[in-house]
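Only one structure is covered here, and it is reproduced in the block below.
Please read all numbers here as calculations on a predicted model, not as lab measurements. In what follows, chains are A, B, ... by sequence order, proteins preceding strands, each numbered from 1.
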Amino acid sequence: MLQAFQLVISRELQMAFRRWSDLALPVIFFMIVCMLFPLAVGQDQAILQKIGPGAIWVAALLATLLSLNTLYREDFDDGTLEQLALSTQPLTILLLAKTVAHWIVTELPLIAITPLLTLGFNLPAEGVYGLMLTLLAGTPALSLLGSVGAALTAGLHQASGLIALLLLPLTIPILIFGARAADLAASGQSIAGPLYLLGGLSVLALTLCPFATAAAVRVSLD
Amino acid sequence: MWNWFHKLASPPHFYRIASAFEPWLLWLAIACMLTGAYGGLVLAPADHVQGDGFRIIYVHVPAAFLSMFSYALMAVASGIGLIWRMKLAFSVAAATAPVGAAFTFLALVTGAIWGQPMWGSYWEWDPRLTSELILLFLFLGYIFLRQALAETRQADRASGILALVGVVNLPIIHYSVEWWNSIHQGPSLIKLEAPSITTDMLWPLLAMIIGYQLLFLAILMTSVRTQVLQREQNARWITEQLGTENIHG
Amino acid sequence: MNEFLDMGGYAKYVWSTYSISLIVLTLTVVLCKRTLTNTRKRVLRRQASLKESQT
Amino acid sequence: MDTTSYSLEWQDLTLWRGERCLQQGLKGKLASGQAITLKGPNGCGKTTLLRTLCGLSQPETGKVLWQGKQIHKIRNKFHAHLAYSGHNNGLKRDLSTRENLRFAARLRGRHTNQNELLNGLRLTACADLPVRNLSAGQQRRASLALILGSGAEFWVLDEPFTNLDRSGCEWLARRCNDHLGMGGLLLTAGHQDSLLNPERETIIELAGAN
């Protein structure tokens with residue numbers, strides 16, 4: 001079982017690095033969205049500092065949504081999703097592997113690039129680690145919930161708007177706790193409270209979402 | 001007991017029961033709502049804090065209760081449909097969605113209008129109203145997913161999974177919004193607590209809630225019949241059922 | 001009577017909520033009833049055309 | 001391929017697509033060493049029946065039994081003996097044929113000798129090209145390599161002979177007959193007159209849905 005898990009992850013990573021443009025797209029989108037806020041709100045440092053953490057979290061959420069369209073659509077079109085559904089290993093584990101690979105490929109680059117963007121919002125340097133920590137704790141839940149949404153709409157071809165409508169209400173708790181923790185981090189206070197809630201949400205998503213994703217994939221393949 | 005439940009689950013049987021009960025439910029609902037409204041608007045004394053403005057509660061609270069109830073019903077029906085593969089359960093879930101969305105919209109609008117005399121502005125990001133707004137988006141997500149999937153069986157099962165994921169998330173969303181509100185709480189505003197309810201304020205509210213509930217069931221009976229008709233078009237029982245209805249239809 | 005209509009100064013809000021509720025509820029009831037009759041007509045027409053194509 | 005005999009059975013299957021009922025009351029049995037070919041007009045539910053017998057789609061009513069047990073109860077055991085090839089070929093377009101075959105084999109925990117397989121399908125020349133650059137015929141043969149490399153007893157092939165040239169068809173027919181000879185099961189859907197040897201094969205004609 002574990003071997004199959006690693007196998008799927010290595011295949012996904014191999015595929016992702018072979019097509020690095022898909023890799024870079026969410027990161028560039030993330031940077032552009034973060035750049036829009038100062039342009040829209042003006043350079044007033046006080047305002048930028050206030051909305052910085054929240055803006056970064058909203059941009060991370062939107063970048064994740066962007067990358068979810070192709071998560072299962074490609075496998076659905078070229079038949080590999082059927083082969084996964086008909087494999088000897090339980091489908092839940094294989095799809096969890098795909099979601100973990102999606103998290104590595106999409107979310108880690110976002111987290112890696114946040115220090116650069118905090119400059120744009122003039123956030124204090126010591127707040128950056130706290131911000132990255134909140135993203136690290138919150139994005140697994142985003143990916144897991146996102147994989148359920150992507151599996152539900154795997155059979156549809158232009159479903160990017162639909163995935164956003166399905167997922168945004170569900171990811172609101174993650175956004176609330178994440179942005180709040182990031183805000184505390186930026187102002188130098190301890191982020192323990194919301195961070196634990198965020199971690200709790202990620203663990204809850206880890207336990208429930210793979211089963212929903214497997215069921216959703218079986219429905220899309222029907 | 002089990003065969004009663006099984007009997008009810010067969011579409012032709014349910015169709016006949018629904019069409020028989022629906023008029024009774026409707027008239028009973030209207031009667032309850034009229035008495036409730038009369039009691040609320042005329043008999044109940046004005047509240048010492050909010051004056052007559054509090055009478056909006058008779059319209060807002062039942063709608064808010066129904067919005068939660070309908071989403072829970074939709075999730076339970078979807079769960080039954082997915083686990084026991086009962087087509088009728090999916091019909092109930094599909095029928096509940098638009099009605100639930102209507103009640104949620106109603107709760108939202110009446111809540112916002114009530115906000116004006118209470119807090120001075122239509123939208124104060126009160127945690128309960130924010131949860132209602134998110135619930136409305138959950139309903140819309142369900143309805144749009146169901147529209148997007150052409151095949152009814154796929155639409156049933158996929159939207160069923162979404163409803164279950166949604167119902168698990170609902171308490172979390174509500175808690176996080178409450179928590180968020182307590183963090184960003186401005187100067188302590190008078191909360192939208194139910195005003196100190198005296199009995200002659202309370203019974204109209206109960207009458208209105210029962211009235212709304214009966215109305216919801218009456219509407220549900222009609223829309224479930226539509227869903228059953230759509231799903232069972234080729235079944236033979238449809239022809240004689242519609243045949244008989246036509247005679248005294 | 002108009003003192004009742006005035007609702008202690010909150011007339012605008014109270015009556016607007018009640019009228020909106022009335023409108024939305026009646027609209028829902030009417031729409032659901034109409035979709036039922038339309039679906040029934042459509043199914044009947046389909047069944048009739050099906051019978052002709054078989055006979 | 002061990003020598004125990006396997007059997008797939010299905011009883012009163014009803015297949016639907018949307019509001020249309022495609023097939024009703026289908027019943028049948030497939031035992032070791034036998035092949036069934038489904039024929040019928042387009043849209044009569046051949047593919048739906050194939051996917052239902054694999055467990056990919058759920059029938060409206062009826063049961064599908066593998067070794068006497070319902071397939072959705074023994075999913076992993078049933079899939080260990082199953083190899084399915086659908087309309088789309090089940091290969092990742094960015095990976096090469098060799099990488100796809102290695103992934104599929106290791107997912108099933110088998111170590112097939114790939115070169116013998118690739119030579120048989122005349123794919124060795126383009127084995128390291130991404131599948132995206134292969135021709136339709138080559139992609140078809142690559143997806144058949146998945147089936148042959150899987151070592152499964154129960155093959156389900158949806159229109160296997162499309163995009164194959166004459167020599168490819170003969171090669172596939174020979175391998176299918178060997179497979180049946182060794183006690184394997186074969187279920188295909190197709191339009192051409194079948195090249196399999198007649199006495200092991202039963203042809204089921206599906207009526208067009210009304």
Side-chain angles (χ1 to χ4, degrees), chain B residues 19 22 26 29-30 33 37 40-42 46-47 50-60 62-63 95 98-99 101-103 105-106 109-118 212 215-216 218-230 232-234 238-239 241-243 245-246 249, chain C:
Chain B
S19 49
E22 195 262 341
L26 193 61
I30 292 172
M33 283 158 66
L41 286 173
V42 177
D47 177 66
Q50 302 164 22
D52 286 307
F54 101 100
R55 295 184 197 287
I56 299 178
I57 185 175
Y58 294 111
V59 173
H60 172 68
V99 185
F103 276 106
F105 169 76
L106 211 52
V109 167
T110 50
I113 295 175
W114 193 6
Q116 173 64 11
M118 293 289 303
Y212 266 62
L215 185 73
F216 171 79
I219 301 172
L220 194 66
M221 291 296 155
T222 329
S223 40
V224 169
R225 280 168 64 195
T226 328
Q227 291 292 335
V228 167
L229 272 183
Q230 271 161 8
E232 308 276 335
Q233 294 180 20
N234 311 355
I238 287 279
T239 13
Q241 178 65 33
L242 292 183
E245 270 177 7
N246 259 348
Chain C
M1 180 51 192
N2 54 24
E3 179 270 331
F4 161 73
L5 284 182
D6 178 40
M7 274 293 154
Y10 294 109
K12 182 151 59 90
Y13 308 115
V14 174
W15 293 118
S16 62
T17 47
Y18 276 74
S19 44
I20 289 172
S21 304
L22 191 65
I23 294 164
V24 170
L25 289 182
T26 31
L27 212 62
T28 321
V29 173
V30 165
L31 277 180
C32 284
K33 275 195 184 299
R34 181 170 310 141
T35 35
L36 177 61
T37 39
N38 291 353
T39 328
R40 205 166 42 180
K41 268 201 219 79
R42 196 159 46 85
V43 169
L44 268 175
R45 226 177 307 121
R46 226 179 68 78
Q47 300 256 340
S49 65
L50 219 61
K51 213 180 274 98
E52 266 129 39
S53 64
Q54 271 152 10
T55 50

Do you know which two heavy atoms are closest between C/S21 and B/V59, and how far apart they sit?
OG-CG1, 2.6 Å
Quick check: closest heavy atoms across B/R55 and C/Y18, and the distance to 0.1 Å?
O-OH, 2.9 Å
Bottom line for B/L106: the part with an atom under 4.5 Å from chain C's heavy atoms is side chain
OG1 (B/T222) and CZ (C/R34) are apart, to the nearest 0.5 Å, by 13.5 Å
OG1 (C/T17) and CD1 (B/I57) are apart, to the nearest 0.5 Å, by 12.0 Å
What one should report as the nearest heavy-atom pair of B/A102 and C/T28 is CB-OG1, 4.1 Å
Can you name the nearest heavy-atom pair linking C/C32 to B/I219, along with the distance?
SG-CG2, 3.5 Å
Looking at every non-hydrogen atom in both residues, tell me the closest pair between C/K33 and B/L26 and how far apart they are.
CE-CD2, 4.2 Å
Please assess B/L41 against C/W15 for the test side-chain contact (heavy atoms from CB on, under 4.5 Å), listing each intermediate value before the final yes or no.
CA-CA 10 Å; B/L41 286 173; C/W15 293 118; 3.9 Å; yes
Let's test your reading of the structure: which of B/R225, B/E22, B/M33 forms the most heavy-atom pairs below 4.5 Å with chain C?
B/R225
Any side-chain heavy atom of B/L215 sitting closer than 4.5 Å to one from C/V29?
yes
Kindly determine whether C/V24 and B/V109 satisfy side-chain contact (heavy atoms from CB on, under 4.5 Å), including the steps that lead there.
CA-CA 11 Å; C/V24 170; B/V109 167; over 6 Å; no
How many angstroms lie between atom OH of B/Y212 and atom CG of C/L25, to the nearest 0.5 angstrom?
5.0 Å
How long is the straight-line distance from CD of B/Q230 back to CG of C/L36, given to the nearest 0.5 Å?
10.0 Å
